[in-house]
Amino acid sequence: MKFQPSKCIHRPLTVILLIVLAIGTSACGEADDDRTSREMATDSLHVLMVTGGAWHDFEGQKELLTREISRRAPVRFTVVHEDGEDPQASTHKFSVLQEENWHEGFDLVLYSHCGAWVTDVEYVESIPRVHREQQLPAVALHCTMHSYRRADTSEWHNFLGFYSPRHGPSYPFEVVNLAPDHPVMRTFPERWMTPNGELYEEGELKETATPLAHAMDRELNRYMVNVWVNHYHGARVFGTTIGHHTETMADPVYLEMVTRGLLWAAGRLDDPGTDGGPGPE
């Protein structure tokens, strides 16, 4: 694997880290059980990762995800990590998402951030608008689902295909594969116990979304969808609420699932007879 030296761009109150990770078959080879790499096209994908905020190890997780996803697929990342003046306030608005034509040059956006108390409706609605107009695919991880939930608009959650009002206490939970024939879940086990966890309550799964896995909530005694795909006006979105703890993200099962979710969203894992079509809007 070849690494291009990272470039750091400093802005007021922010640090933007540019990470370009390239993978080559000759450098890493291919394991016998590496089905993901055999099922996808080899053209490199340029992914923008937007990360940062309160209550999570975004610093460690961004390093883990970019490194491990790029080991599994030909993906290169541009990482924008911003925490704002007061990370615990969870009110930061990402500067990159306010720039004109911020999407240009990217094949997909991976959101792993926490902005639960951002209430600027114009800002919030501007983000999914880009995905809708450009049909730009996306991946959304964990606290992304709690971001912008206090804003007076439902468009962010329409984009995600999922709304969650809260989460329960931390404990490992068993994830049940609901769609073993779906391209994303084909290599996922029938059941997987997370190393640790923070199960998000399923407030609403949108009609445009397809559930892929769920887990039992001990307090509410009902299953909560925690892995799904969504079709948002032609833009594909893969989402999972799993991933509060870095040790969970580091599990090979999680990394394989997220990598395949990213590839599905980018149109790289379509098979006849699977949920690869445009779906309802």
Worksheet, complete the sentence: side chain to side chain contact (heavy atoms under 4.5 Å, CB included) with Ser112: of Val258, Val50, Leu141, only one passes, and it is Leu141
Discussion item. Does Asn221 form a side chain to side chain contact (heavy atoms under 4.5 Å, CB included) with Met216? I'd like the steps, not just the answer.
Written reply: CA-CA 7 Å; Asn221 195 34; Met216 175 61 71; 4.0 Å; yes
Worksheet entry | Linked, directly or transitively: Leu178 and Phe188 (ILVMFWY side chains, under 4.5 Å) | no
Discussion item. Measuring centre to centre across the rings, with the benzene-like ring taken for any Trp, is His131 within less than 6.0 Å of Tyr232?
Written reply: no
Worksheet item: For Glu174, which residues count as a salt bridge (charged side-chain N to carboxylate O under 4.0 Å, His left out) partner, sequence neighbours excluded?
Response: Arg191
Discussion item. For the backbone of Glu247 and the side chain of His245, can you confirm whether one donor and one acceptor N or O come within less than 3.5 Å of each other?
Written reply: no
Practice prompt. For side chain to side chain contact (heavy atoms under 4.5 Å, CB included), just list the numbers for Lys62 and Met49, CA-CA rounded to whole Å, side-chain angles, deciding distance to a tenth of an Å, and then say yes or no.
Written response: CA-CA 8 Å; Lys62 75 182 181 187; Met49 174 187 281; 3.8 Å; yes
Worksheet item: Does any non-hydrogen side-chain atom of Leu255 lie less than 4.5 Å from one of Leu65?
Response: yes
Response to the item:
Between the CD atom in Glu104 and the CG atom in Leu48, the distance rounded to the nearest 0.5 Å is 13.0 Å
Discussion item. I want to check something: taking the side chain as every heavy atom from C-beta on, are Thr78 and His46 in contact at a cut-off of under 4.5 Å?
Written reply: yes
Fill in: Lys/Arg cation over aromatic Tyr171: Arg218, 6.0 Å, 45° cone
yes
Worksheet, complete the sentence: Smallest heavy-atom separation, Leu45 atom then Leu262 atom, equals CD1-CD2, 3.9 Å
Worksheet item: Closest heavy-atom contact between Ala138 and Tyr111?
Response: CB-CE1, 4.2 Å
Worksheet entry | Atom CD of Glu122 with >12 non-hydrogen neighbours under 6.0 angstrom | no
Fill in: Same cluster (ILVMFWY, side-chain, under 4.5 Å), Val47 and Leu64
yes
Item to complete: Before giving the answer on side chain to side chain contact (heavy atoms under 4.5 Å, CB included), spell out for Thr187 and Met257 the whole-Å C-alpha distance, their side-chain angles and the decisive distance to 0.1 Å.
Response: CA-CA 8 Å; Thr187 60; Met257 176 189 69; over 6 Å; no
Worksheet item: Between the side chains of Thr241 and Asn226, is a donor N or O closer than 3.5 angstrom to an acceptor N or O?
Response: no
Worksheet item: For the atom pair CZ (Phe238) and OG1 (Thr259), what is the distance rounded to the nearest 0.5 Å?
Response: 9.5 Å
Response to the item:
Taking every heavy atom of Tyr123 against every heavy atom of Val118, the minimum-distance pair comes out as CD2-CG1, 3.9 Å
Discussion item. My understanding is that only residues two or more places apart in sequence, or in another chain, count here; which of them pass ring-ring contact (aromatic ring centres under 6.0 Å, His included) with Tyr223?
Written reply: His214
Item to complete: Compute whether any side-chain donor of one residue and acceptor of the other, for Thr240 and His142, lie under 3.5 angstrom apart.
Response: no
Item to complete: Please report the closest heavy-atom contact between Trp228 and Gly161, naming both atoms and the distance.
Response: NE1-C, 4.3 Å
Worksheet item: Should the pair Glu155-Arg129 be classified as a salt bridge under the 4.0 Å nitrogen-to-oxygen rule?
Response: no
Discussion item. Quick check against the 3.5 Å criterion: does Ser70 have a side-chain atom that pairs as donor or acceptor with the backbone of Arg76?
Written reply: no
Fill in: Distance-only polar pair, side chains of His92 and Glu82, donor-acceptor under 3.5 Å
yes
Worksheet entry | Between Lys206 and Asn230, a side-chain donor and acceptor under 3.5 Å | no
Worksheet item: Sub-3.5 Å donor-acceptor pair from the side chain of Asp217 to the main-chain atoms of Leu220, do we have one?
Response: yes
Worksheet item: Looking only at heavy atoms, what is the nearest atom pair of Pro211 and Ala179, with distance?
Response: O-CB, 4.4 Å
Worksheet item: Are Val175 and Val253 connected in the hydrophobic side-chain network, where two residues link if heavy atoms are under 4.5 Å apart?
Response: yes
Practice prompt. Check the hydrophobic clustering (I, L, V, M, F, W, Y; side-chain heavy atoms under 4.5 Å; chains of links allowed) and say if Val96 and Val109 are grouped together.
Written response: yes
Worksheet entry | Presence of salt bridge, Asp181 and Arg186, under 4.0 angstrom | no
Discussion item. Taking Glu68 first and then Arg72, would you say they form a salt bridge - that is, a charged N and a carboxylate O separated by under 4.0 Å?
Written reply: yes
Response to the item:
Taken to the nearest 0.5 Å, the spacing of Leu199 CG from Ile242 CD1 works out to 8.5 Å
Discussion item. Using 0.5 Å steps for rounding, measure from the CZ atom of Phe94 to the OG1 atom of Thr51.
Written reply: 6.5 Å
Discussion item. Please tell me whether Trp156 and Phe162 form a close aromatic pair, meaning their ring centres lie under 6.0 Å apart.
Written reply: no
Worksheet item: Heavy atoms, side chains only, cut-off 4.5 Å: are Asn177 and Leu212 in contact?
Response: no
Discussion item. Nearest 0.5 angstrom please: Glu100 CD to Trp102 CH2, how far?
Written reply: 13.5 Å
Fill in: From Arg132 atom CZ to Asn158 atom CG, the distance as rounded to the nearest 0.5 Å
9.5 Å
Practice prompt. Locate the shortest heavy-atom distance separating Asp251 from Pro195; write the atom from each residue and the value.
Written response: OD2-CG, 3.9 Å
Worksheet item: Taking side chain as C-beta onward, heavy atoms only, is Asp120 less than 4.5 Å from Lys93?
Response: yes
Discussion item. Within 45 degrees of the ring normal and closer than 6.0 Å to the centroid, is that where the cationic atom of Arg236 sits relative to Trp264?
Written reply: yes
Worksheet item: How about His113 and Tyr148: are their ring centres within less than 6.0 Å of each other?
Response: yes
Worksheet item: Between Val176 and Met185, is there a shared hydrophobic cluster once you connect ILVMFWY residues whose side-chain heavy atoms come closer than 4.5 Å?
Response: no
